[in-house]
There are 2 protein chains.
Amino acid sequence: MSTSALPYRPHNHDACVAQALADARAICQQRNARLTPTRERVLELIWQSHKPLGAYDVLAVLTEDGHNAAPPTVYRALDFLQQHGLVHRIASLNAFVGCTHAGKHHNGMFLICRSCSNVLELTAPKVAQAVSDAASAEAFQPEDVMIEVAGLCPACRMDAPHD
Amino acid sequence: MSTSALPYRPHNHDACVAQALADARAICQQRNARLTPTRERVLELIWQSHKPLGAYDVLAVLTEDGHNAAPPTVYRALDFLQQHGLVHRIASLNAFVGCTHAGKHHNGMFLICRSCSNVLELTAPKVAQAVSDAASAEAFQPEDVMIEVAGLCPACRMDAPHD
DNA sequence: GAGAATTTGCAACATTATAACATTTGCAAA
DNA sequence: TTTGCAAATGTTATAATGTTGCAAATTCTC
Ligand SMILES: [Zn+2]
Ligand SMILES: [Zn+2]
Ligand SMILES: [Zn+2]
Ligand SMILES: [Zn+2]
């Protein structure tokens, strides 16, 4: 019943990136946050695909750019982008992916394909509710919810043996 | 309506550890897996508390023990213990915690207190179902589900300001 | 323009995890 | 009981990821 979401659906990814960057500019302006050239470039790199990118991968590209970058350059940019909800860190991969719900308050749920590495971010209200209920039952006060699901995406399921 | 689970409830933790070790021996015997002295010692160390322990923390204790240990010693033992469902890795902390549901097939959900570091592992069928449904809606085939909730445990909520 | 605050450059360092290869140990068949 | 294999461990080195601290530069505010 549901249309398959990006990145599983073929899409114009250049437009995808352009939109993400435009949204980011709007969000930062609204918040008086400075989307400096380095930060914007890092965001753009993270958005190069729907596959998570490691901090040192970002660093390598910045270096190719001619940018005189060191690890803190990248981590600081990533911190900024995370704080403003523009990228997410995927803890199980030590890598970063662009947020597809930027601007809205949310705790994403990530479907991570172990074969092609694409990541789909969902907002699943029922999951969020169930997690919240389970925490409440233990009198636990949740602040940050991380849900990462590894498996096979639709495309890779078909290629895989034994269905 | 639910009784608060370990580790939030005061309990005889020595018995807690003893039980975990006994279970581990039984599980390994049943599987013809060898719970060697190093592996058992690492499991015991992980169980020293309900707080996650880093691999290098384990290593330090092994070294104190007089054991001539290097990082691979610890990581190999931890791999073994994970494969047999005796410990879990908490990705958001790069640390390991004893499994409180050893032997049963399960994907735990972890409530991690940011104040006291205690971790409570739950099996939340409703959460599991909701995650599974959300994945199915995207034709995604889940293999490994990681749910880590950071926040405040009951005890630390009371100490904290602003409730 | 002067002063304060934010951002960046830079060097060193800390932490977490793995690769590669030699050695030993446990176990079983000959 | 020897012999031979597979699993487990020891050992060294290195890779990958992330942080600290301080100085210089930039931007913002007045
Ligand atoms: Zn998001
Ligand atoms: Zn895939
Ligand atoms: Zn206990
Ligand atoms: Zn606590």
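Side-chain atoms are counted along with the backbone in the values below, which use heavy atoms only and exclude waters and symmetry mates. Just so it is clear: chains get the letters A, B, ... in the order the sequence lines come, proteins before strands, and each one is counted from 1. Everything quoted here is computed from the prediction, not taken from an experiment.
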Measure the [atom1]-[atom2] distance between [X] and [Y] for me, rounded to the nearest 0.5 Å.
X        : Y        : atom1 : atom2 : value
A:Trp47  : A:Thr100 : CH2   : OG1   : 6.0 Å
A:Cys28  : A:Asp23  : SG    : CG    : 10.5 Å
A:Ser115 : A:Asp159 : OG    : CG    : 7.0 Å
B:Arg76  : B:Thr73  : CZ    : OG1   : 6.0 Å

Whole angstroms only, please: what is the [atom1]-[atom2] distance between [X] and [N]?
X       : N      : atom1 : atom2 : answer
B:Leu78 : D:dA8  : CG    : P     : 15 Å
B:His67 : D:dG10 : NE2   : P     : 4 Å
A:Arg34 : C:dT8  : CZ    : P     : 7 Å
A:Leu59 : C:dG9  : CG    : C1'   : 13 Å
A:Asp79 : C:dT7  : CG    : C1'   : 13 Å
B:Asn32 : D:dA6  : CG    : P     : 17 Å
A:Leu62 : C:dC10 : CG    : P     : 13 Å
A:Asp65 : C:dT8  : CG    : C1'   : 16 Å

Are OP1 or OP2 of [N] and a side-chain N or O of [X] less than 4.0 angstrom apart?
X       : N     : answer
A:Thr36 : C:dT8 : yes
B:Thr38 : D:dA8 : no
B:Arg39 : D:dT9 : yes

Any side-chain donor paired with an acceptor under 3.5 Å for A:Asp79 and A:Gln83?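 No, no side-chain donor-acceptor pair sits under 3.5 Å.
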
Can you find a side-chain donor-acceptor pair between B:Gln129 and B:Asp133 that sits under 3.5 Å?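 A pair is found: one side chain offers a donor N or O, the other an acceptor, under 3.5 Å apart.
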
What pairs of nitrogen or oxygen atoms, one from the protein and one from nucleotides 12-14 of chain D, lie under 3.5 Å apart?
none

Angle class for the A:His13/A:His11 ring planes (parallel below 30°, perpendicular above 60°, tilted otherwise)? perpendicular

When the nearest nucleotide of DNA chain D is assigned to A:Asp57 and to A:Arg76 on a heavy-atom basis, which residue is associated with the more 5' position? A:Asp57

Side chain of A:Tyr75: nearest nucleotide among C:dT6, C:dC10, D:dG18?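 Per side-chain heavy atoms of A:Tyr75, the pick is D:dG18.
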
When you compare the side chain of B:Phe96 with that of B:Gln82, does any pair of heavy atoms fall below 4.5 Å?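 SC-SC contact between B:Gln82 and B:Phe96 confirmed.
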
Please list residues of residues 83-99 of chain B whose heavy atoms come under 4.0 Å from any atom in DNA chain C, ordered by number; otherwise none.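 Result for residues 83-99 of chain B: B:Arg89, B:Asn94, sorted by number.
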
Hunt down the Watson-Crick or G-U wobble partner of C:dA30, both distances under 3.5 Å, from any strand shown, or write none.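 The base-pairing partner of C:dA30, which may sit in any strand shown, is D:dT1.
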
Could you walk me through whether A:His88 and A:His101 pass the side-chain hydrogen bond (donor to acceptor under 3.5 Å, both in side chains) test, one step at a time? CA-CA 11 Å; A:His88 293 285; A:His101 306 77; 5.9 Å; no

